[in-house]
Structure formats: C-alpha cells, structure tokens
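In what follows, every heavy atom counts, from backbone to side chain, and hydrogens, waters and symmetry copies are set aside.
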Amino acid sequence: MDSGIKVFSFDVDGTLVSQEFADCVWLRGIPEAYAAKHALSFEHAFEFVKREYDNIGENRIEWYNIRFWLRKFNLKIAYEKLFEKYEAEVKIYTEVESVLKVLKEAGYVLVVNSNAATEFIDFQIQPIRKYFSHVFSATSDFGELKKSNGHYAQVCEILDVKPQEVVHTGDHFVFDFLNPRRIGITAYYLDRSRDAMPAVNGNDEFLISDLNELLDAFELI
Ligand SMILES: [Mg+2]
C-alpha cells in the first residue's frame, strides 16, 4: 500500500511506557529526599512538595524540569540517582518493541514526540531508543508547555517532511490527536483502557487500543 507516509511519530507516557516511573520520581523520590534532609515524616514532606508543585503549576516551563526542582528544594542528589532508584518502575508496554521493529523494517522513519523533559524520555526509552532517529521534547527542545500544532509544524520542518507524510499516535485527545490533525498529520488516538470515547465523531478508524492496530491500518501484518 502506498500511503505516502514516511514518518511514524509516538507520544511517550501512556503510549510507549506507563506513567508509573514518572509518578514515582515526582511523588515518592523527591518528597522522600526532602523528608530525609529536613527530618520530616514522608507525609509532611509530601504535602509541602506537592504544594510547591501546585504553586508553580503545569503552565510554567520550570514545572517540567527536574533540575529546577532539585535546586529549589536544595536537594543534593543527582536526578540520575533518583531515576536509578525507580528503574524497576519503567514499563514499556508489551507490544511496543515488536511494532517498532516491523515499522522500522518496512522503511519508515520513527520519532518520539513528548511533552516530558528529555531526561525522563531518554531514561525510559533506553531499551527501544535504537528504533528512533529523533526524540523531540516540547518542553526541553522547543520551550513549549504542550504539543501544540506549532510544535508539530516545527518537527515536520526539522524532519523535512510534509504533515501529510506523518502519522502520530498518542493517548492525549488534544495534544496527540486534535493538534497534529490541525496541520494535516494523520493522528491516531490511543485509548489503552478501551473505555472508548464515542466523541471521535465518525473518526473511529483513528481510535485504537494498542499499537498493533497501526500495523493493521497500514497493512503490515
Ligand atoms: Mg501521553
């Protein structure tokens, strides 16, 4: 099938890997380190840290930056150490590697497009990094809070492809589905829980529950 597609792009959290690792780092690792430093109970430290997260909020770019938070809380621990502590929590979804392998062998260029900071992406995708030619972080690379249509346009420019030559898949309805579609990218909305969203409005063929369905759609099975 000649679909004119050259690039397959993927979100990270909830798409390639589960959310557990990031949650452990932010909601266990950092409060624990803060508790140890100030001889507080975990609960007190958690409350304080959580309040500070909320004060900055996800609409400020610092919120995504682990170095900022370690500095702010004056914690003398390298983020790499925190990451190592929770390495066992990194869970790449079971079908991911085999799907990437098929796409790669079929000659497609594979890229990652995430809101997460580069440090988080790199650490979590290590075992499958070899399949990707580019890893784009909206926050670290473009200083954007979320993957906007402008983000996707910049990525197409860097890859030197038209939006019509790109397929993007992710689990956020706005950042992974509506925004890439605005510029003509073929987007698939991934709903791993299958509590299907009927509101895709006649776009049901673009609603998938795991990545194997991409292979079906592009006749690679
Ligand atoms: Mg996601």
Side-chain angles (χ1 to χ4, degrees), residues 1-23 58 91-116 121 124-125 128 131-139 142 144-157 159 161-221:
M1 182 175 79
D2 183 16
S3 56
I5 296 299
K6 293 181 178 166
V7 176
F8 276 82
S9 155
F10 295 92
D11 169 53
V12 177
D13 287 312
T15 300
L16 301 179
V17 305
S18 72
Q19 186 64 40
E20 274 120 308
F21 170 78
D23 285 350
E58 61 175 357
K91 301 222 165 54
I92 297 174
Y93 290 111
T94 51
E95 88 283 15
V96 166
E97 180 153 16
S98 59
V99 170
L100 297 177
K101 193 162 184 285
V102 171
L103 291 172
K104 187 89 185 162
E105 282 172 4
Y108 294 105
V109 170
L110 308 186
V111 304
V112 157
N113 264 302
S114 172
N115 285 332
I121 304 172
Q124 294 184 86
I125 68 165
I128 49 171
Y131 296 102
F132 298 104
S133 61
H134 290 76
V135 171
F136 298 106
S137 157
T139 45
F142 302 123
E144 284 195 64
L145 297 172
K146 296 286 176 195
K147 291 174 286 190
S148 63
N149 29 348
H151 167 90
Y152 288 104
Q154 283 188 78
V155 164
C156 288
E157 226 178 282
L159 297 174
V161 291
K162 298 191 197 77
Q164 289 74 16
E165 295 170 326
V166 179
V167 170
H168 176 76
T169 303
D171 68 324
H172 195 287
F173 194 66
V174 176
F175 308 133
D176 293 308
F177 189 70
L178 296 182
N179 287 353
R181 283 191 163 251
R182 284 206 175 99
I183 66 159
I185 286 175
T186 302
Y188 285 82
Y189 173 62
L190 174 67
D191 181 6
R192 287 189 176 275
S193 66
R194 286 172 186 267
D195 52 355
M197 228 168 136
V200 187
N201 290 335
N203 278 333
D204 280 1
E205 59 172 306
F206 299 106
L207 169 62
I208 61 175
S209 58
D210 76 53
L211 300 183
N212 279 313
E213 291 178 53
L214 286 176
L215 302 184
D216 281 333
F218 288 85
E219 296 175 12
L220 291 165
I221 281 179

Just how far is it from atom OH of Tyr188 to atom CG of Asp176, taken to the nearest 0.5 Å? 14.5 Å
Distance-only, no hydrogens or angles: does the Arg192 side chain make a donor-acceptor pair with backbone N or O of Asp210 under 3.5 Å? no
Hey, can you tell me if Phe173 and Tyr189 have their rings parallel, tilted or perpendicular (30° and 60° cut-offs)? perpendicular
Check whether Ser137 reaches the backbone of Ala116 with its side chain - one donor and one acceptor, N or O, closer than 3.5 Å. yes
Which value, rounded to the nearest 0.5 Å, describes the distance between His134 atom NE2 and Ser9 atom OG? 12.0 Å
Hey, could you give me the CG/CD1 distance between Leu215 and Ile221, rounded to the nearest 0.5 Å? 5.0 Å
Check: Leu211 main-chain N/O paired with Glu95 side-chain donor or acceptor under 3.5 Å: yes
Please tell me if the side chains of His151 and Asn113 come closer than 4.5 Å, counting only heavy atoms from C-beta onward. yes
Would Glu105 and Lys101 pass as an ion pair if we require N to O under 4.0 Å? yes
All heavy atoms of Gly14 vs all of Leu190, minimum pair found to be O-CD2, 3.8 Å
Heavy-atom count around Lys146 NZ within 6.0 Å, excluding the residue itself: above 12? yes
Separation between CZ of Arg182 and OH of Tyr152, rounded to the nearest 0.5 Å: 11.5 Å
Which heavy atom of Ala106 sits nearest a heavy atom of Leu220, and at what distance? CB-CD2, 3.8 Å
If we only count heavy atoms from C-beta on, is the Ile121 to Phe136 side-chain gap below 4.5 Å? no
Just to verify, what does Phe21 make a ring-ring contact (aromatic ring centres under 6.0 Å, His included) with, not counting sequence neighbours? Phe83, Phe123
Look up atom CZ in Phe10 and atom OG1 in Thr169, then write down how far apart they are to the nearest 0.5 Å. 5.5 Å
CG-CD distance between Leu16 and Gln124, expressed to the nearest 0.5 angstrom: 9.5 Å
Using every non-hydrogen atom in the two residues, find where Pro180 and Ala187 come nearest and quote the distance to one decimal. CG-CB, 3.9 Å
Side chain proximity check, Val155 to Phe142, heavy atoms < 4.5 angstrom: yes
side-chain contact (heavy atoms from CB on, under 4.5 Å) with Asp11: of Asp171, Val17, Asn115, only one passes, and it is Asp171
Over all atoms of both residues, closest heavy-atom pair of Tyr131 and Leu100: CG-CB, 3.9 Å
Taking the side chain as every heavy atom from C-beta outward, state whether Lys147 and His168 have any pair of such atoms under 4.5 Å apart. yes
On a heavy-atom basis, the closest approach of Thr15 and Gly170 is OG1-CA, 3.4 Å
Would you name the heavy atoms of Val7 and Val111 that are closest together and state the gap between them? CG1-CG2, 4.0 Å
